[in-house]
Amino acid sequence: MRDDSRNSTNMNVLAKPADLEAAAPAGVFIEEVTTVQHYTDRLFRFRMTRPASFRFRSGEFVMIGLLINGKPLYRAYSIASPAWDEELEFFSIKVPDGPLTSHLQKIQPGDAVLMKKKPTGTLVNDALIPGKRLYMFSTGTGIAPFASLIRDPETYEKFDQVILTHTCREVAELKYGEDLVEETINDPLIGEFAKDKLVHYTSVTREDFPRQGRITDLIKSGKLFEDLGVPPLDPAIDRGMICGSMDMIKDTKVLLEEAGLTEGANNKPAEFVVERAFVG
Ligand code: A2P
């Protein structure tokens, strides 16, 4: 165990993987953080090693944790990296007194993170029936599963156009998505598909920004479709995925249903799927 000033009260919260071999519960992966990037005082991303045996579908989530006072504490995290990536990426909120994120936000390269073995989730290509245009509606850290899906070639094989909407309270919170889209378009593998098909549509609700307003208001007023130069939502061609707070999901879902789209699931693919953005 490390004597670490970052953990003066909880000496064993942040440890090296080797330090956890004996202490971690059986049947979980112990992975090593490779990079950490802080965006704002509320948001950061980290990447970590990926176990060779770990398989998931782009868009799924997994339980991520730390040992806190000797006890594992997990929260659900959407995997932000695509299924083909050799590392795993996560995008996280920082809650000052959050049981997990108050510690997780202090991780640095070399630190250990626990991960349960079974990924799951509904924001997967398999849960949608074929269509022409895929809308990914996200707010805040709800962009994470879409960060995975926009880097998966299968998304572009299934759809002619992929529209990623991201709405945040503040301009600085859009940075992760902006970097992500730029990296995706410049990526040697996925860039070829993304360049022609991916559209990034951002708005901000609590600061000045060229485009303001909640995504629900932009749908209702028709501004979203006007800005994109596309017809209003049509169940024959449009598909949707929604990820944000409970309220955002509820309100966006109503608008999709009013347009005639029906909600699907893994065992019953349909025209749109939803998942709550998880908060630690
Ligand atoms: P607003 O600033 O008007 O609350 P949060 O960080 O609370 O999850 O919010 C992220 C973004 O989602 C904010 O821009 C917020 O707008 C927006 N939002 C919150 N609730 C809803 C909702 N019910 N429908 C659509 N957007 C919402």
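Although no hydrogens or angles enter the test, the distance criterion places a donor-acceptor pair under 3.5 Å between the side chain of Asp111 and the main chain of Gln108. Proximity of a side-chain donor or acceptor of His166 to a complementary backbone N or O of Gly140 within less than 3.5 Å is detected. Between the side chain of Arg211 and the backbone N or O of Thr202 there is at least one donor-acceptor pair closer than 3.5 Å. A donor-acceptor pair is defined here as one N or O able to donate and one able to accept, closer than 3.5 Å; such a pair exists between the side chain of Ser58 and the backbone of Ala83. With hydrogens and angles disregarded, a donor-acceptor distance shorter than 3.5 Å links the side chain of Arg239 to the backbone of Pro130. In this structure, Ser148 contributes its side chain and Ser81 its backbone to a donor-acceptor pair below 3.5 Å. The main-chain N or O of Leu149 is found under 3.5 Å from a side-chain atom of Thr155 such that the two form a donor-acceptor pair. The backbone N or O of Asp234 lies less than 3.5 Å from a partner atom in the side chain of Asp238, making a donor-acceptor pair. Judged by distance alone, with hydrogens and angles left aside, the side-chain atoms of Glu275 form a donor-acceptor pair with the main-chain N or O of Thr122 at under 3.5 Å. In this structure, Ser78 contributes its side chain and Phe61 its backbone to no donor-acceptor pair below 3.5 Å.
Following chains of ILVMFWY side-chain contacts shorter than 4.5 Å, one cannot reach Leu128 starting from Leu255, and the two form parts of different hydrophobic clusters. A single hydrophobic cluster is not seen to contain both Tyr39 and Val171; linkage of ILVMFWY side chains at heavy-atom distances under 4.5 Å, directly or through other members, places them apart. Follow the hydrophobic side-chain contacts under 4.5 Å out from Leu66 and you reach Met48 in the same cluster. Taking hydrophobic clusters as Ile, Leu, Val, Met, Phe, Trp and Tyr residues chained together by side-chain heavy-atom distances below 4.5 Å, Leu180 does not share a cluster with Leu88. Val113 is connected to Leu73 through a chain of hydrophobic side-chain contacts under 4.5 Å among Ile, Leu, Val, Met, Phe, Trp and Tyr, so both are in one cluster.
Looking at every heavy atom in both residues, Glu60 comes nearest to Val124 through CG-CG1, 3.7 Å. Contact record, Phe44 with Ile93: CE2-O, 3.9 Å, taken as the closest heavy-atom pair. Closest approach of Pro82 and Phe56 over heavy atoms only: O-CZ, 3.5 Å. Residues Cys168 and Leu174 approach most closely at SG-CD2, 3.9 Å, considering heavy atoms. When all heavy atoms of Pro25 and Tyr74 are compared, the pair lying nearest together is CG-OH, 3.7 Å. The shortest non-hydrogen separation linking Thr167 to Gly213 is CG2-O, 3.6 Å.
Taking 4.5 Å as the limit, some side-chain heavy atom of Val36 sits within range of a side-chain heavy atom of Pro109. The shortest side-chain heavy-atom distance between Glu226 and Ser221 does not fall under the 4.5 Å cut-off. A 4.5 Å side-chain heavy-atom check between Leu114 and Leu20 finds at least one atom pair inside the cut-off. Side-chain contact between Asp126 and Pro269: absent, with no pair of heavy atoms (C-beta onward) separated by less than 4.5 Å. Side-chain contact between Leu256 and Ile242 is present, with heavy atoms from C-beta onward closer than 4.5 Å. Between Pro72 and Val28 there is no side-chain heavy-atom pair separated by less than 4.5 Å. The closest side-chain heavy-atom distance from Val204 to Glu170 is not below 4.5 Å.
In this structure, Ile249 CD1 and Cys243 SG are separated by 6.0 Å, a value rounded to the nearest 0.5 Å. Note that CZ of Arg206 and CD of Glu173 are 9.0 Å apart. Values are rounded to the nearest 0.5 Å. To the nearest 0.5 Å, atom CD of residue Gln37 and atom CZ of residue Arg47 are 10.5 Å apart. Note: Leu233 CG to Ile219 CD1 = 6.5 Å, rounded to the nearest 0.5 Å. The CD atom of Glu263 sits 8.5 Å away from the NZ atom of Lys268 when rounded to the nearest 0.5 Å. Taking CG of Leu100 as the start and OG of Ser92 as the end, the distance is 7.5 Å to the nearest 0.5 Å.
Partner of His38 under the side chain to side chain donor-acceptor pair (under 3.5 Å) criterion, chosen from Lys94, Arg45, Gln105: Lys94. Partner of Arg50 under the side-chain contact (heavy atoms from CB on, under 4.5 Å) criterion, out of Met115, Glu86, Arg55: Arg55 alone. Shown are Thr120, Asn266, Leu123, Ile79; of these, the side-chain contact (heavy atoms from CB on, under 4.5 Å) with Arg57 is made only by Asn266.
Ring pair Tyr135/Phe225 is perpendicular by interplanar angle, where above 60° counts as perpendicular and below 30° as parallel. Note on ring orientation: taking the six-membered ring where Trp is involved, the planes of Phe46 and Tyr77 are perpendicular (angle over 60°, cut-offs 30° and 60°). The aromatic rings of Tyr176 and Phe91 sit parallel, their planes meeting at an angle under 30°, below the 60° perpendicular limit. Between Phe29 and Phe54, the ring planes lie perpendicular to each other; the angle is over 60°, past the 30° to 60° tilted range.
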side-chain hydrogen bond (donor to acceptor under 3.5 Å, both in side chains) assessment of Glu87 paired with Thr34: CA-CA 9 Å; Glu87 288 189 337; Thr34 55; 3.2 Å; yes
Is there a side-chain contact (heavy atoms from CB on, under 4.5 Å) between Ile190 and Tyr156 once you walk through the steps? CA-CA 9 Å; Ile190 200 74; Tyr156 302 102; 4.0 Å; yes
CA sep, side-chain torsions, deciding dist, call: Glu32, Thr49, side-chain hydrogen bond (donor to acceptor under 3.5 Å, both in side chains): CA-CA 5 Å; Glu32 184 172 322; Thr49 53; over 6 Å; no
side-chain contact (heavy atoms from CB on, under 4.5 Å) evaluation trace for Tyr201 with Asp227: CA-CA 9 Å; Tyr201 186 91; Asp227 289 346; 2.7 Å; yes
Please determine whether side-chain contact (heavy atoms from CB on, under 4.5 Å) holds for the pair Asn125 and Met241, giving the CA-CA distance in whole Å, both sets of side-chain angles, and the decisive distance to 0.1 Å. CA-CA 10 Å; Asn125 279 317; Met241 292 183 170; 4.3 Å; yes
Report the C-alpha distance between Ile215 and Met248 in whole Å, list the side-chain angles of each, state the deciding distance to 0.1 Å, and finish with yes or no for side-chain contact (heavy atoms from CB on, under 4.5 Å). CA-CA 9 Å; Ile215 191 64; Met248 177 273 189; 4.2 Å; yes
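Residue-environment remark: CD (Gln212) exceeds the threshold of 12 foreign heavy atoms within 6.0 Å. Counting heavy atoms of neighbouring residues, nucleotides and ligands inside a 6.0 Å radius, atom NZ of Lys132 does not exceed 12 of them. Within a 6.0 Å radius of CD in Glu192, other residues, nucleotides and ligands contribute 12 heavy atoms or fewer. At most 12 heavy atoms of other shown residues, nucleotides or ligands fall within 6.0 angstrom of atom NZ in Lys175.
Under the 4.0 Å criterion applied to side-chain N and carboxylate O atoms, Arg151 and Glu89 are assigned as salt-bridge partners.
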